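Values reported hereafter were calculated over all heavy atoms of this structure, with side chains retained and with hydrogens, waters and symmetry mates removed. Keep in mind that what you see is a predicted model, and the values were worked out from it rather than measured.
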Amino acid sequence: MTHWIVLPIILPALLAPFIVLAARYHITIQRTLSIAGAIALIALAAGQAWTASDGTVTLYQLGDWAAPFGIVLVADRLSTFMVLLTTLLGLAVLLYAIGSKWDERGRHFHALFQFQMMGIIGAFLTGDLFNLFVFFEVLLIASYGLMIHSGGAVRLRAGVQYVLYNLLGSTLFLFALGAIYAETGTLNMADLAGRVQLVDAGDNVGIRVAAVLLILVFAVKAAVVPLHFWLPSSYSEAPGPVAALFAIMTKVGAYAIIRVYTLIFPPDLEVTAGLQGLWLMPAALLSVAIGMIGILAARHLDRLVAYAVIGSMGMVMVSIALFTPEGIAAALYYIVHSTLAAAALFLIADMVRGGRADLALKAAPPVPGAPLISAMFFTAAIAMVGLPPLSGFVGKLMVLSASTASPLVVWIWAVVLGTSLIGLVGFSRAGSVVFWKGKATPLPEDTEQPPAPSALSYSAVGVLLSLLIALTVFAGPAHNYTRAIAAQLFERSAYIGTVMETPGKLSEGSKEY
């Protein structure tokens, strides 16, 4: 049994307490360890993604106990794809936090960052629903600490709201797990995939309730309308690099929906037939509309980006709600695009914050480095809105193409195209007010010019924008790979067989018992 599957979880789990205990008062050592850990995570994630790229499903049995009795980690195309995206984002965020010195404005930033990475990566790799709940709680606790980093009454209030909403989701998650275990006697995903097939269609209330509760929980994590109220304040009030890291947090909810509703409750499962699409598609379309209207109505740049996250998650959920290989493939491409674009916009907004009294969309003296910052904003805004030639445009074409067989195709096309225009107007207004009108507003006399962003901060945003451009240039190979991921998801035998047939400590007789 190979141990390298668990290393992306173990590495940050060991780094975090080491930073607290051995380097608490040495910020340079903390930064060095965090950067080294982030680079090592990228190397591990790239290696796992390469191994899984040919369709290989790799299993790690904790304690060498076979499923379903032991907790397992599973590295397939989907999980390694999401882990690689997380590690790339993590390095860019870390570089910005160091360059902008956000990591000095509070305590234990780097330790919390490592715990956050551990929770997110663990959620992607686990093959057990209860372990998924555990990793949800790990990332929730770490994210709360990061969110209130550097303090402030407004940030604390937004953090409390964030925690309350997510604790509600965690409570529903526990109820769902209890219902599933009562009906099937297991929480291992691969084992559940077989056992729910045996549930009597006439006695399926418990499983149907659990399926609905799970999709509600994951919708809360993904900030799907009307369960999105926690996101605008939470993301806009968080420190810039933390908000950028949170761009992957909503994708954890999307990942969980993809995993659970293709593996455990697939669309052709009679017991839960129709539950996924009953309200997920309308909620997704509403999320797209609310997100883009929020961009137009926003009065502050950080809230504008927060609503852009809601709109982009709506696009992801529209594609997922199709529950077809084409739809899942388009959703995965759009997940990468929206994560990178949203993170870049949050970091750019933080650059603007450094040169202004606030982020209100009103004329103010130009921020230091305005020409380069405005060019970055223009690039990221084009990507987020979905204008050609960047990846947002390609991703929306994939989503629209995947929806042609849906009975709601007219609604999907109308909402996506119509709201894209609204988002364009909103971003254009924000950019013109912050950067163009700012040029005509003189700096008050006897006012000291704020410092320009550091080279490291520019580099971090440049990394994210470069990845967006690469995703556009290599859209063909990227889409081919997401189609391969979707094909593996809908052909479940490799995943189930690897998890359930790999021997562990238990003998065959014990398994039968």
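When Ile42, Val252, Ile120, Leu41 are each tested for a side-chain contact (heavy atoms from CB on, under 4.5 Å) with Thr86, only one passes: Ile120. For the pairing with Ser170, the side-chain contact (heavy atoms from CB on, under 4.5 Å) check across Phe175, Phe133, Phe136 returns one residue only, Phe133. Checked against Leu322 for a side-chain contact (heavy atoms from CB on, under 4.5 Å), the options Leu280, Ile412, Leu408 give a single hit: Ile412.
A donor-acceptor pair is defined here as one N or O able to donate and one able to accept, closer than 3.5 Å; no such pair exists between the side chain of Lys251 and the backbone of Val336. Side chain of Thr184 to main chain of Ile180: a donor-acceptor pair is present (N/O by atom type, distance under 3.5 Å, no hydrogens or angles). Of the possible polar contacts, none joining the Ser319 side chain to the Met315 backbone as a donor-acceptor pair under 3.5 Å is found.
Across Trp230 and Lys221, no two heavy atoms sit closer than the pair CZ2-O, 3.8 Å. Nearest heavy-atom pair, Val394 versus Ala475, reported as atom, atom and distance to 0.1 Å: CG1-CB, 3.9 Å. When all heavy atoms are compared, the tightest approach of Ala460 to Leu95 is CB-CB, 4.1 Å.
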Check step by step if ring-ring contact (aromatic ring centres under 6.0 Å, His included) holds for Tyr334 and His337.
-> CA-CA 5 Å; Tyr334 206 88; His337 151 75; 4.9 Å; yes
Kindly indicate, with the supporting measurements, whether the criterion side-chain hydrogen bond (donor to acceptor under 3.5 Å, both in side chains) is fulfilled by Asn166 and Tyr144.
-> CA-CA 10 Å; Asn166 281 275; Tyr144 178 67; over 6 Å; no
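In this structure, Pro239 and Phe109 have side chains that are not in contact, with every pair of non-hydrogen atoms separated by 4.5 Å or more. The shortest distance between side-chain heavy atoms of Tyr481 and Phe81 falls below 4.5 Å. Taking 4.5 Å as the limit, some side-chain heavy atom of Tyr458 sits within range of a side-chain heavy atom of Met376.
Ring planes of Tyr261 and Phe218: perpendicular class, angle over 60° (limits at 30 and 60°). Under the 30°/60° scheme for interplanar angles, the aromatic rings of His149 and Trp102 are found to be tilted. Between Phe377 and Phe435, the ring planes are tilted. Angles from 30° to 60° get that label.
A salt bridge links Arg259 with Asp76: the closest approach of a Lys/Arg side-chain nitrogen to an acidic carboxylate oxygen falls below 4.0 angstrom.
Taking CD1 from Ile148 and CG from Leu146, the interatomic distance works out to 9.5 Å, rounded to the nearest 0.5 Å. Atoms CD1 and OG, on Ile373 and Ser457 in that order, are 9.5 Å from each other to the nearest 0.5 Å.
In this structure, a donor-acceptor pair under 3.5 Å is absent between the side chains of Ser234 and Tyr165.
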